[in-house]
Every structure is written in structure tokens, then in C-alpha cells.
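These notes concern the structure reproduced below.
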Amino acid sequence: MLDSPLHEHHLLRYKVDIEDRPMRSFSKTAIVSFFDESDKKVVVFKYGVITNAEIFDKINKGEDINLNGAYVYNFSLTDYRVDKGLDDSVHITLKNFSAKKAFFDCDIVNDFTYTNFEGDKVTFDSVIFGNGTSNFSNSIFCNGDVSFKKAKFGSGSTNFQSVQFGDGLVSFNNTNFGTGNLSFIDCNFSNGNVDFRNTYFGDGHVDFKFAKFANGDLSFEKASFGKGKKDFKNVEFGGGKIDFRRVEFNDGDVSFDGAEFGDGKVSFRSARFGHGEKLFTQADFAKGEAQFDLVEFGSGSVNFNKATVTDISFKGCALNCYIDLRFNSCRTVGLSNTIVRDILDVKPEDEKVVISVFDISGMRILGRMFIDWRANNVFDLIYQQTETTLFQKAEQFRILKENFRNNGQYEDEDAAYLEFKRCEAKANLQAAIEKDKKNALWAYPNFYFQKYVFDYVGRYATDPIRVLFNMFLAFTGFSFIYYVITEYFPNFGTVATTLPVELQHIHSFGNCVYYSAITFFTIGYGDYFAEGYLKPFAAFEGFTGVFLMSYFTVAFVRKILR
């Protein structure tokens, strides 16, 4: 019946007519007409009328409370306690309670406070509550199943504060909580599975603060929230699987501040948030995996500051707002194929940020990422990845290099660029050999040649001081070659001179150093020249000098211009 248009309207508009004719076991009939927002009648339901006095009589006799298809007006267990002279906090026992497809109408409140539901099952399936408050606070439900499937609440608040559920299935599947505030504060769901799938929570404040879930699974899949605050602060989620997939959180703040998610898997995959703060600060995901793949975070901010998690994934997300990922402890952060349009912050400030693996392969940074090469230990964040290829690691270092440049972190840019080129070289070597093992004949020499010339000599033009040091090594090395050959192997070659005999000191080490210097810097005064087999050495030293001086100029100017 509630699959009708009535279920789509969150503010109940209805009219009740009571007829003095019996309906099933009830003495009177209630005809309830429901209207849409244009006051057009959309559906008519018939109920059997039962009075509070009749229900109280069943309670007194200890009979089962069967209200299936009943119309109940201003139900109040507080009134029952007043009639009996009982304190307000005395629990009233309702045995084998069932109110399937019932209607609880009221002027102010439907009062189920301090109820003790006994029996194998409690059923509120397809029940409708009027526009007043529905209050179940401090009630105790049986250990069997508790079902509010397809229940419909009106515009008043709904209160399940401090309720104790048993170990059976607790189902609010397809329930519509209307437009008022909803409270599950300090509610204990015990060990049973809890089902909030396809539930509509309305525009009021939805409050689960300090609620406790134990070993059962919890599902909010495809649930829809309104624009009020969604508060899960300090909730204990227990050890079962926690499912928030495809949830529509809408506008309004969402808080999981200090929540404990237990050891189960937590999934927010494909959920959608609106405008407002999304707080996961100091949340503890324990040993479970947290999945936020394909989530739309909307506008506002997302804060995981000081949260603790083992593995967390944001694959494919469009990060359009400020994202704080300064975890207290995290083994793996997956950010592959994300788009950063605002700020992604993992840079430590007062406290250390502990992340072991940080996967940003395929990321596009249109905004900024705040990260520090040393403080975040970026080298290990990338190289400790076990599921990414060398090409993917190279891509990540390239992404970081561009980000560091945009942030003005030039030292960090150089470090990232160096690792990018190293990974790229190794990846190309690996790809060539995998394509054809015969390629190893040229791939390895080419790899090690580039490794020495570009990496060792000047760190891919990021370290001019290192280039200077290698210039000194080259110049000194050639000096010794000239001296040794000229002094001990003159038949092989010598450093000759055009100077007069009285000025010749061609066999001295100083002259060899001098000749090496004018050759290395391509000065060539003509007073000394190589003979014999030293000529190729001299030519090669001239080329080496030109190369290293050019290399130094590039590296030096690159540093200065920044």
C-alpha cells in the first residue's frame, strides 16, 4: 500500500473520518484520505479503530498486542502509567507486538517511551505515524527481529534515544522519517544486522551520537538524507561490515568525528555529499578497509585530521573542495585517477603525519596539493607501493614535480624530477627486455651509459655543485693520464711543446696539469700539444670539457632563475 504516491510525500496531509461500522475485529472504521501538496486526494486507506483503553486492557491482561491494520489516536504509555500511579521511567511490557499497516494518529505525540517489547518479533511494517512526535526513547526491544520496513513518519520529531535493540535483525528498510528531527543518540543495536537501506531521513537533524553497533553488519545503501546536520560523532560501529554506498547526504554538515569503525570494511563508494563540512577527525577505522571510491564530496571541506586507518581509497573521486588527509596513522592512501580542483593537504604542521604508501597514479592536479618531500617521506611513499608499475611510479613523481613547481617548492621539485627520470629509465629498460630478450644487448649499455652521464654526473641538471665536482674529477684524471704516459711510456705518446729548450718542462706534473686545463676548457694556446696516442685522449678531453661546462651552465642557470 505504501508504494503508492503517499510514500513520496514527506509532510503528511490527511483527513480522518470515523464510521460506526465494524471492520474485522474492530468496532469502528477509520477512513483516512491522503492528499498531495496541491490538496489533491492521492490515496484512501481504511483502518479498524481501537481505543487506548482497549489497548491498556490487553496490557493489563498480558495479552498479545496485535494492532495490524488498526487506527490508534494519541497512543500514550505515559497516560497508562498515570492511570496506574507508576513512575514515568517504569517499563511497560508489550507482548508480541505487531502493528503492520497501522496508523498512529496524534495531536502532539505517540508515546512508546520506556516500553519493554517482549516476544519473538516486533513489527511496525508499513505503519504510518501522524505529524506529531513519535517517541520510543529508553525502550527495550526483544532479542528477535525488529521491523519498521516501509514505515512512514510525519513532520514531527522521531526519538529512539537510549533504545536497546536485541540481537535480531533491526530493519528500517525503505522507511520515511518525514521532515522532523531524528534521534538515535546513545542507542544500542547489539549484535544483530541493522538495515537502513533506501531510507529517507528528511531535512531535520539526524543524530546518531554515541550509538553502539556490535558484530552485525550495518547498511545505509541508497539511503537519502535531507539538508539538516548528519551527526555520527563518537559512534561505535562494531566489527561488522559498514555500508554507506550510494548514499545521498545532501547539503548540511556530516560528522563522523571520533567515530570507531571497528574491524569491518567501511564503504562510502559512489556516495554523494552536498555543501557543508564532512568531518572524520580523530575517527578510528581500526584494521578495516575504508573505501571512498567515486565519491562526490561536494563543496565545503573534508577533514580526516588525526584519523587512524589501515587502508583508505579515494579512487576516481573529483576532489572539488579542501581535503585534509593528515592522518594520525595510515598504511595506504589510494588516490589514483582523482581530480584535485581545490587543496589536498597532507603536509605536517605541529604533529607528524604517518602514511606509508601514497598512490597518486593518474591524478590530475588542477588546484594544489600540500605535501613536503622530507616531512612526508615522499620517496618511500612511492617506492613502497607493491601494486604499481615503474611507469606508474614515474608518473607519480612527475605529478609531484609539477605540483612542487606550482607551489614554489623548488628543492622538492628537483628531488621529484630526479626520481621521475630514474623510474622512467628503469621502466624503459624493463619494457625493452620484456618485448624481446635480445634487446638486452643494447638496452643495458644504453641504460648504464645514461645512468652515469645524466644521473651520476649532475642528477639530471638539478645539482650544479655535483657537475663541478665531476669537472674536477675529469680534469684531474686526464692530468694524471698525460703525466704517467709522458713520464713512463714516452714511446706511446708525449705532451710536446713549442717553447724554447730553456723553457721546456714537459715532463713535469705541473705542465701536464696545465695542458689538461687548456684542453679541458678548449683554450688551446698552442704552447703545448699532444703527440702520438695521446691525441685521442686530448680530443676526448676537449669534448668532455665542452659537455660538462654546458651541463654546468644549464644546471646553474636553472637554479638561479628560480
Side-chain angles (χ1 to χ4, degrees), residues 201 203 205-206 220 223-233 244-259 261 266-283 285 290-309 311-328 330 332-351 353 355 358-372 376 381 396 399-400 402-404 406-409:
F201 287 93
D203 287 332
H205 182 180
V206 179
F220 283 83
S224 178
F225 292 86
K227 296 182 179 181
K229 182 177 181 180
K230 280 69 71 173
D231 197 341
F232 292 85
K233 183 177 181 179
F244 283 89
R245 290 178 300 168
R246 291 179 285 182
V247 170
E248 294 279 350
F249 284 97
N250 214 314
D251 292 340
D253 295 343
V254 180
S255 176
F256 287 86
D257 183 21
F261 286 91
V266 183
S267 179
F268 285 81
R269 182 181 177 88
S270 299
R272 293 199 298 180
F273 295 86
H275 176 72
E277 291 188 351
K278 279 70 71 173
L279 297 177
F280 294 86
T281 50
Q282 300 184 23
F285 292 87
Q291 187 180 78
F292 289 82
D293 297 348
L294 302 174
V295 168
E296 295 181 23
F297 285 104
S299 58
S301 63
V302 182
N303 197 333
F304 285 86
N305 192 276
K306 298 182 181 179
T308 300
V309 61
D311 301 306
I312 190 166
S313 174
F314 298 90
K315 296 177 181 176
C317 290
L319 307 178
N320 299 327
C321 58
Y322 174 78
I323 310 288
D324 187 342
L325 299 184
R326 290 176 293 177
F327 295 100
N328 180 60
C330 181
T332 302
V333 179
L335 287 159
S336 59
N337 300 312
T338 55
I339 301 175
V340 179
R341 290 193 173 93
D342 200 287
I343 292 175
L344 177 63
D345 193 356
V346 293
K347 187 176 181 179
E349 289 185 356
D350 297 330
E351 297 184 11
V353 176
I355 300 175
F358 195 69
D359 183 2
I360 59 171
S361 54
M363 175 184 281
R364 295 175 60 194
I365 302 180
L366 306 180
R368 298 288 179 89
M369 178 163 60
F370 293 161
I371 186 170
D372 187 272
N376 289 106
L381 291 183
Q396 292 177 70
I399 293 170
L400 286 168
E402 296 296 328
N403 179 74
F404 287 138
N406 293 334
N407 291 348
Q409 298 170 256

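These numbers come from the heavy atoms of this one structure, side chains and all, not from hydrogens, waters or symmetry mates.
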For [X] and [Y], work out which heavy atoms get closest and say how close.
| X | Y | value |
| --- | --- | --- |
| P348 | E351 | CB-O, 3.5 Å |
| A283 | F261 | CB-CE1, 4.1 Å |
| S299 | H275 | OG-ND1, 2.8 Å |
| Q291 | S267 | OE1-OG, 3.4 Å |
| F358 | M369 | CE2-SD, 4.0 Å |
| V309 | A290 | CG2-CB, 4.1 Å |

Kindly indicate whether the side chain of [X], heavy atoms from C-beta on, has any atom under 4.5 Å from the side chain of [Y].
| X | Y | result |
| --- | --- | --- |
| T308 | C330 | no |
| I323 | D345 | no |
| V302 | Y322 | no |
| K230 | H205 | no |
| I339 | L319 | no |
| F225 | F220 | yes |
| N407 | F370 | yes |
| I371 | N403 | yes |

* Asked: After noting the C-alpha distance and the side-chain angles of F249 and F297, does the key distance pass the side-chain contact (heavy atoms from CB on, under 4.5 Å) rule?
  -> CA-CA 10 Å; F249 284 97; F297 285 104; over 6 Å; no

* So, do F244 and F256 have ring centers that fall under 6.0 Å from each other? -> yes

* Assert yes or no for the condition that the ring centre distance of F232 to F280 is strictly below 6.0 Å. => no

* To do: Mind running side-chain contact (heavy atoms from CB on, under 4.5 Å) on R326 and E349 for me, showing each step along the way?
  => CA-CA 9 Å; R326 290 176 293 177; E349 289 185 356; 3.2 Å; yes

* With D293, which of R245, R269, K315 fulfils salt bridge (Lys or Arg N to Asp or Glu O under 4.0 Å)? -> R269

* **Step-by-step side-chain contact (heavy atoms from CB on, under 4.5 Å) determination, V206 to K229** => CA-CA 6 Å; V206 179; K229 182 177 181 180; over 6 Å; no

* Asked: In terms of side-chain geometry, is the basic nitrogen of D231 or K233 positioned less than 4.0 Å from the acidic oxygen of its partner?
  -> no

* Please confirm whether the backbone N or O of G276 pairs with a side-chain atom of K278, one donor and one acceptor, at under 3.5 Å? => yes

* Asked: When you measure from the side chain of Q282 to the backbone N and O of A307, does any donor-acceptor pair fall under 3.5 Å?
  -> no

* To do: Give a yes-or-no answer on whether the side chains of S361 and D359 include a donor-acceptor pair shorter than 3.5 Å.
  => yes

* Report yes or no: do E248 and N250 form a side-chain donor-acceptor pair below 3.5 Å? => no

How long is the straight-line distance from [atom2] of [Y] back to [atom1] of [X], given to the nearest 0.5 Å?
| X | Y | atom1 | atom2 | result |
| --- | --- | --- | --- | --- |
| K227 | D203 | NZ | CG | 7.0 Å |
| F273 | D253 | CZ | CG | 11.5 Å |
| R246 | S224 | CZ | OG | 13.5 Å |
| N303 | S255 | CG | OG | 10.0 Å |
| T338 | F314 | OG1 | CZ | 9.5 Å |
| S270 | E296 | OG | CD | 8.5 Å |

* Fit a plane to each ring of F268 and F292, take the angle between them on a 0 to 90° scale, and name the class: parallel (under 30°), tilted (30 to 60°) or perpendicular (over 60°). => parallel

* **From CA spacing to verdict: side-chain contact (heavy atoms from CB on, under 4.5 Å), D342, N320** => CA-CA 6 Å; D342 200 287; N320 299 327; over 6 Å; no

* To do: Among D257, L279, T281, L325, find the residue that satisfies the side chain to side chain contact (heavy atoms under 4.5 Å, CB included) test when tested with N305.
  => T281

